[in-house]
A.B. asks: 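Please find one structure pasted underneath; my questions will follow.
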Amino acid sequence: MYATSAKPFQQYNYIMATFLGNNWKKAWKRASGVRFKVVAIFVVILCSFVFSGKVNASTIVYTSPQGTTLDVDGVITPAGTDSAMHYAFSGRGTSGSVIPMSYYGGLWNTLPVSFYGMASSTYETGTFCFSSGSPCSGTTTWEINPVANKILSINGVSTGASSTITHITLITPADNNATTSLATTSFMVGYYINTASTSPAYIPTSLVYTIKYQTPASWSYGTYTGAHTSTVTRTVSGVNLDLDNTGLDIQNILLPAGAYTWSASLVSTSSGMTASTCFGGVFCSWYGQDPQFTVGTTTLFQSETRTFYIGNSGYYTGTSTASSTPTGDAVTFCEGYSGTDVIVKTLCIIPNVITGALRWMFIPDTVAVMGNLATIQGDITNMKNIFPLGYVQRLSDIFSATTTSTSSLPVVTAVFQIGGNADMSTTSLTFDFGDMIAGGGTLLQSIHDPINNKTPRDVFEPLVQLSLALTIMLTILSDIMGTHKHQQDTASNKKYV
Amino acid sequence: MIISTILDLITFFVSIITHLLPTVTTLPNIAGFNIDSALVSGVGQLNQFTNAFWPIADMLFAFFALVSYYILKKIAILILGSRSPAGN
């Protein structure tokens, strides 16, 4: 048979042959290579995660009413962080596909927007904008690439100036019910998280949006009031939620025709407080909740709810209504649980209150700490000029010549009397040491070695520095070792021994 | 809250120190003699001199290095007394 050092291919053949013979124990023993066991364990763990729903095994796929398969990548990464607001989204439709889109809030009145549409493995890039203003003027419709399997056009309508208060701005499909050439159903949701205007005390930590929809049996234009039959929930956490830059996230999703209710919540765990699970999900399991059921008192930045409708022909119809929760409202969340069960609510809130109290007892508030550190830093910066350190700083500045201490050497004038009488004329000789020294220095610098073209300084300065360094070292060493003390000093030191 | 309180106290005392002590930017006059202007002029002339004759700059640097050693030695003796390794 095969030795343990057999090549992996041979090992694999033997293992498979043994498996076919139902002798799996022997096969496992033969697979003595560590990598086989590691790979096997990893595959088992991965499969368990997939089957338990912790890992999405594949990309979410939606099927339009027309039978067209639409691949949707749920998480879209912005392509840039500058004010030009680059976006990226992916989508795939059939030839003639159109994603009608408008935006709410007028965030991009004059700024160019770069869209990176993906079709299959090919990225199509280009710079487009939504408005008719500068620099993208002339029309409100821009085509990205009118080729099959490409995102074809974006139709934008400006609805107003951007708001520094708005934290969530959603992009909803444009009302394109007049268009009859749409072949696919599409929908895009965009978020603009204006963190620059928020207080540092409220750091957005998660963005949750939920889309509920129902596909009616027969579509009629207008408000659909029936119950929702399915829910699509996406949660975005920690994506561009930093305070330094204007956070931005945009996600697109292609949906079938139906009536939709879209809601988004920008949630802040105040000063970074993280929501805790309900004791590892124990309580959640008791009440049949999702294991990721979380509890915590968080601050809701803003909540938006809208309803819209997508027709069977694949275009957006209907009206959009919005409701917004004011910024900064403290809302107690029991995320994952939307019921009214008092016990569940209590189990959600009480542990959070306790853990929150303990946390706030020992973990300092980030804002307060940063404020204190800034104050101390400013005080320490000013302390160099505080008595008596100010004198030290002044001496240091003078000796390091950072002050205006460049003075010329004094000029000496000697007056000579000509003749023996006091009323006779005198003459004087003036000695400008500065000119003399500068001239001497210049003269020394101007002399060059004819062979190596080196000045006296180039030649002798290393030797001077070496001799000085040796002198200092020997002086210090002799002082430490006491080798050159005078006899009386040595004798006087003995009394202290 | 506890850590924040401690930081608040530290910040408070540091601020007290920096706000109570005066700010000094020049050396004082002693018996009518302006030490600050004298040093500024003297060091300026010294710089002028050393810029022209570079060995003087090196010698001054070596001199101050040696003086620094003796100052450190005196500080060690002042603090440690007879236990100073620099002697007494």
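Throughout, protein chains are lettered first and strands after them, A, B, ... in sequence-line order, and every chain is numbered starting at 1.
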A.B. asks: At a heavy-atom distance under 4.5 Å, which candidate from A:N385, A:I472, A:L395, A:I376 has the highest pair count against chain B?
C.D. replies: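 Among the listed options, the one with the most contacts to chain B is A:N385.
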A.B. asks: Check ring pair (Phe, Tyr, Trp, His ring centres under 6.0 Å) between B:Y70 and all other residues, then give those that pass, not counting sequence neighbours.
C.D. replies: none
A.B. asks: Just wondering, do B:K73 and A:D479 contact through their side chains at under 4.5 Å, heavy atoms?
C.D. replies: yes
A.B. asks: Starting at OG1 of B:T23, measure out to CG of A:L389 and round the result to the nearest 0.5 Å.
C.D. replies: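 That separation rounds to 11.0 Å.
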A.B. asks: Could you list which of residues 454-464 of chain A have a heavy atom closer than 4.5 Å to any heavy atom of chain B, in residue-number order?
C.D. replies: A:P456, A:R457, A:F460, A:E461, A:V464
A.B. asks: Check whether the side chains of B:S15 and A:D379 place a donor and an acceptor atom closer than 3.5 Å, and report yes or no.
C.D. replies: yes
A.B. asks: Please report the interatomic distance CG(B:L66) to CG(A:L468), rounded to the nearest 0.5 Å.
C.D. replies: 11.0 Å
A.B. asks: So which heavy atom on B:T11 is nearest to which on A:T375, and how close?
C.D. replies: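 Heavy atoms of B:T11 and A:T375 come nearest at CG2-CG2, 3.5 Å.
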A.B. asks: Do B:V40 and A:R394 come within less than 4.5 Å of each other through their side chains, counting heavy atoms only?
C.D. replies: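 A side-chain contact under 4.5 Å exists here.
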A.B. asks: If you look only at distance, which donor and acceptor atoms sit under 3.5 Å apart when one is on a side chain in residues 53-64 of chain B and the other is two or more places apart or in another chain?
C.D. replies:
none

A.B. asks: Can you confirm whether B:Y69 sits close enough to A:T475 that some side-chain heavy atom of one is under 4.5 Å from a side-chain heavy atom of the other?
C.D. replies: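 No - every pair of side-chain heavy atoms lies 4.5 Å or more apart.
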A.B. asks: If you measure from CG on A:L373 to CG on B:L7, what distance do you get to the nearest 0.5 Å?
C.D. replies: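 It comes to 6.5 Å.
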A.B. asks: Can you tell me how far CG of B:N47 sits from CZ of A:F399, rounded to the nearest 0.5 angstrom?
C.D. replies: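 A:F399 atom CZ to B:N47 atom CG measures 10.0 Å (nearest 0.5 Å).
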A.B. asks: Do any of residues 24-34 of chain B have a heavy atom less than 4.5 Å from a heavy atom of chain A, and if so, which, in residue order?
C.D. replies: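 B:V24, B:T25, B:T26, B:L27, B:P28, listed by number.
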